[in-house]
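In each ligand, atom 1 is the first atom listed, and ligand 1 is the first ligand listed. As the structure is a prediction and not an experimental result, all values here were calculated from the model.
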Amino acid sequence: MEKLLKKYFGYDSFRPLQKEAINSVLAGQDSFVLMPTGGGKSLCYQLPAIKLSGLTLVISPLIALMKDQVDALKANGISAEFINSSLASDQINRVVQGVKRGEVKLLYVAPERFSLGYFQDFLRSIEVSLIAVDEAHCISEWGHDFRPDYRMLSVLKKSFPKTPLIALTATATGKVKADILNHLNIRNAEKFIASFNRENLYLSVVEKKKAFPKLVNLLQGYKNESVIIYCFSRKETEEIADNLNLNGFKALAYHAGLEKIKRKQVQEAFVKDQVDIIVATIAFGMGIDKPDVRLVVHYTFPKTLENYYQEIGRAGRDGLKSECVMFYTYADMRKHEYFANQIDDQRLREQTMVKLGEVLSYGELSTCRKKYLLKYFGEEMVGDKCSACDICLEEKEEFDATEISQKIMSAILRTGSRFGKNYIIDILLGKNTQKIRINQHNELSVFGLAKGQGEDELNHIIKQLLDRDYLHKSEGKYPTLSLTKLGGDLINNKEKISLYKTAVKTKPDANGEQALDYNPDLFEVLRDLRKIMANEAQVPPFVIFGDKSLQEMAYYLPADKESFAQISGVGAKKLEKYADTFLELINGFRRERDLEPIPISRGFDTNLKIKTGVKQKFYRKTKELVDKQIPLKRIAKSQEFKLSTVINHLEKLIDAGEKLDLEYLKFPRDRYQVICVAFSECGDEKLKPVFEFLEEKYSYDEIKLARVLMRA
Ligand code: ADP
Ligand code: MG
Ligand code: ZN
């Protein structure tokens with residue numbers, strides 16, 4: 001199976017649960033696959049399709065996507081076709097004939113095909129080995145994207161009782177899952193449910209103040225990359241897109257008010273990398289499957305966490321590090337509330353408010369955001385910290401918050417636990433507001449008790465007291481604060497409490513999959529080449545190669561077909577089709593810069609435990625090369641380092657307890673022994689005494705390397 005994976009898709013290993021799902025399908029079982037966006041669901045039916053003797057029928061709701069999907073399969077040398085309303089009848093006829101001759105492995109169709117009697121007859125006249133229902137949540141009214149046509153799919157299991165059926169989705173609550181299993185008649189399906197933790201996504205929330213400059217600043221870090229910005233209104237999308245264009249970015253607005261043809265053009269420009277940034281209302285995203293979106297911004301926070309998870313899911317489908325930033329301000333709540341209040345149905349209106357409240361809580365968290373999100377979707381994260389959210393990556397400093405917490409709690413108690421956060425803060429700051437005067441709270445002893453504190457500081461402290469369950473916030477439109485049992489204990493027993501100061505945010509160096517330290521110049525040229533070839537072939541650029549493949553090329557600098565074949569995403573077909581063109585470019589670049597190719601080794605130890613931050617990847621690379629027994633000088637050259645730097649790496653690796661086999665380093669034996677003697681005379685702490693002891697006849701590099709060998 002791994003061989004097929006490499007041959008047809010160019011990948012070396014399966015993602016979680018792919019192999020299990022594939023085995024289940026091949027064993028003839030009905031299967032249900034729940035994986036997050038980008039989890040790699042397609043492979044669960046595409047790989048079996050290659051092995052099975054008959055046709056694999058794929059039902060997918062999005063006509064716009066079918067062509068890309070089929071093109072991608074063809075580019076990998078897999079024979080696939082689609083039938084939908086965009087084809088003329090003679091084209092459909094040609095596909096049908098191809099299927100009848102058994103020349104097609106995968107056939108993509110939209111569900112409405114099943115309302116045509118002749119189509120079902122046609123299916124019965126051929127050998128169908130597998131049926132895949134993609135985006136299976138569309139069958140359920142409880143899902144976010146109900147499509148009545150999907151209900152027709154209940155005939156599938158009746159028409160093809162012996163053919164295994166696989167249903168796939170990224171969104172299924174309990175109800176939706178039950179609907180899928182029921183309507184498709186696959187109640188006994190094997191179920192494969194993957195974790196919803198998308199490790200390559202870095203989540204953060206920023207305060208929406210001076211928002212546009214902040215946005216521009218953020219986008220500076222994503223030049224030439226694909227970005228989606230979600231906004232509140234059509235008007236806002238257009239304003240922001242205009243302003244971004246004025247600031248030198250390439251942005252287009254996208255919203256439901258655009259004509260259909262215009263919307264299609266915008267999508268296409270994005271998919272073909274002709275425009276970098278899409279500024280959209282939530283309508284954007286369903287129709288596209290772009291794997292290399294590197295940044296998703298919510299300029300206005302979304303209405304529900306379900307929406308949020310879905311929208312950020314469009315980032316980093318290719319598994320590479322990507323970022324999701326939510327701009328947060330309480331003021332945006334009013335925009336949402338305004339629309340929520342237009343809802344007539346009282347139950348629905350209340351439910352909408354509750355959902356909004358959940359998003360607010362997410363924005364105000366002082367604990368791990370991923371943990372909160374996962375928990376919301378019913379998954380328990382191991383531990384309390386991830387390494388990919390702003391909260392977990394904050395550098396936090398604690399302080400003794402006993403006194404200030406007591407003041408806050410007193411203010412809540414003295415006003416009868418009937419007021420909200422802002423009012424309590426006003427009292428503590430001694431603000432002379434009308435409301436306070438009317439309530440005569442300016443006469444309380446707590447009035448002005450925290451004068452001199454910043455408003456933000458108090459907000460931050462109350463937030464933490466809420467998160468740690470010392471305070472409780474009521475539900476509803478005007479939430480009030482009160483003390484929990486824990487809070488009561490704190491104040492009665494005069495217990496001490498320490499909280500975090502307002503934190504400084506640090507950005508992560510890398511998260512999720514370790515990013516390669518590829519050559520950015522070469523990456524750019526490779527992207528240009530990819531674009532040219534994509535234009536020629538009239539397919540989206542990612543059909544030629546994904547970003548991951550290009551990054552690997554720009555890192556390993558493969559010199560020949562053999563090493564090119566080892567790049568992720570290079571299968572047999574792409575090797576044959578593209579290797580020469582890409583190798584020519586890479587070789588030219590390498591010669592021009594006088595660089596060396598780096599041998600590709602798969603499966604080396606990625607758990608190197610060295611706490612050295614930015615440099616870590618360099619150490620890792622050095623280790624990788626040493627394991628391959630590459631001479632130190634060449635290691636230095638290929639990474640554009642000095643020899644002494646590489647020796648430093650070795651030293652750090654040895655200090656960190658790494659096992660390195662350095663036997664291969666040819667060090668003249670007599671010289672080595674002399675240096676050893678010098679070390680035993682001078683101690684091995686410092687190099688200078690040894691250097692002098694040896695009358696400067698040995699270089700520092702040599703001395704240092706000898707010490708590394710001594711310690712290894
Ligand atoms: P989903 O349908 O679950 O959102 P896709 O099937 O579209 O995900 O796959 C997302 C991306 O991951 C695609 O670019 C795909 O080529 C890639 N991918 C899938 N399986 C693997 C794998 N085993 N190794 C590397 N990349 C993979
Ligand atoms: Mg999919
Ligand atoms: Zn976290």
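A distance below 6.0 Å separates the ring centres of Phe545 and Phe582.
With a 4.0 Å cut-off on non-hydrogen atoms, Ser13 touches ligand 1 through its backbone and not its side chain. Contacts of Phe14 with ligand 1, taken as heavy-atom pairs under 4.0 Å, involve the backbone alone.
Between Tyr11 and Phe9, the angle of the ring planes stays under 30°, which puts this pair in the parallel group of the 30/60° scheme.
Nearest protein heavy-atom contact of atom 3 (O) of ligand 1 is Lys41 NZ, 2.7 Å. Counting protein heavy atoms only, atom 20 (N) of ligand 1 is closest to Gln18 NE2, 3.0 Å. In terms of protein heavy-atom proximity, atom 24 (N) of ligand 1 is closest to Tyr11 CG, 3.4 Å. Considering only non-hydrogen protein atoms, atom 8 (O) of ligand 1 sits nearest to Gly40 N, 3.2 Å. Among all protein heavy atoms, the one lying closest to atom 10 (C) of ligand 1 is Arg317 O, 3.7 Å.
No side-chain donor-acceptor contact under 3.5 Å links Ser226 and Arg294. Side chains of Gln46 and Tyr8: a donor-acceptor N/O pair is absent below 3.5 angstrom, by distance only. Using modelled atom types, one finds no donor on one side chain facing an acceptor on the other under 3.5 Å when comparing Asp390 with Ser204.
Cation-pi contact between Lys290 and Phe270: present, with separation from the ring centre below 6.0 Å and deviation from the ring axis of at most 45°. Annotation: cation-pi pair Arg468/Tyr500 present, NZ/CZ under 6.0 Å from the ring centroid and within 45° of its normal.
Counting the atoms of ligand 1 from 1 in the order shown, those under 4.0 Å from a heavy atom of Ser42 are 2 (O), 5 (P), 6 (O), 7 (O). For ligand 1, the atoms closer than 4.0 angstrom to any heavy atom of Thr37 are 4 (O).
More than 12 heavy atoms of other residues, nucleotides or ligands shown are found within 6.0 angstrom of CD on Glu268.
Remark: ligand 1 and Asp289 share no N or O pair separated by less than 3.5 Å (distance only, no angle test).
Assignment of Pro36 to the shell around ligand 1 is supported, since a heavy atom sits closer than 4.0 Å. Heavy atoms of Gly38 approach ligand 1 to within less than 4.0 angstrom. Within the 4.0 Å heavy-atom shell around ligand 1 one does not find Met35.
Under the salt bridge (Lys or Arg N to Asp or Glu O under 4.0 Å) rule, Asp273 has a single partner from Lys531, Arg527, Arg530, which is Arg530.
Taken from CG in Asn197 to SG in Cys386, the straight-line distance is 7.5 Å, to the nearest 0.5 Å.
For atom 13 (C) of ligand 1, the nearest protein heavy atom is 4.0 Å or more away.
Rounded to 10°, the angle that SG of Cys386 and SG of Cys368 form at the Zn ion (ligand 3) is 100°.
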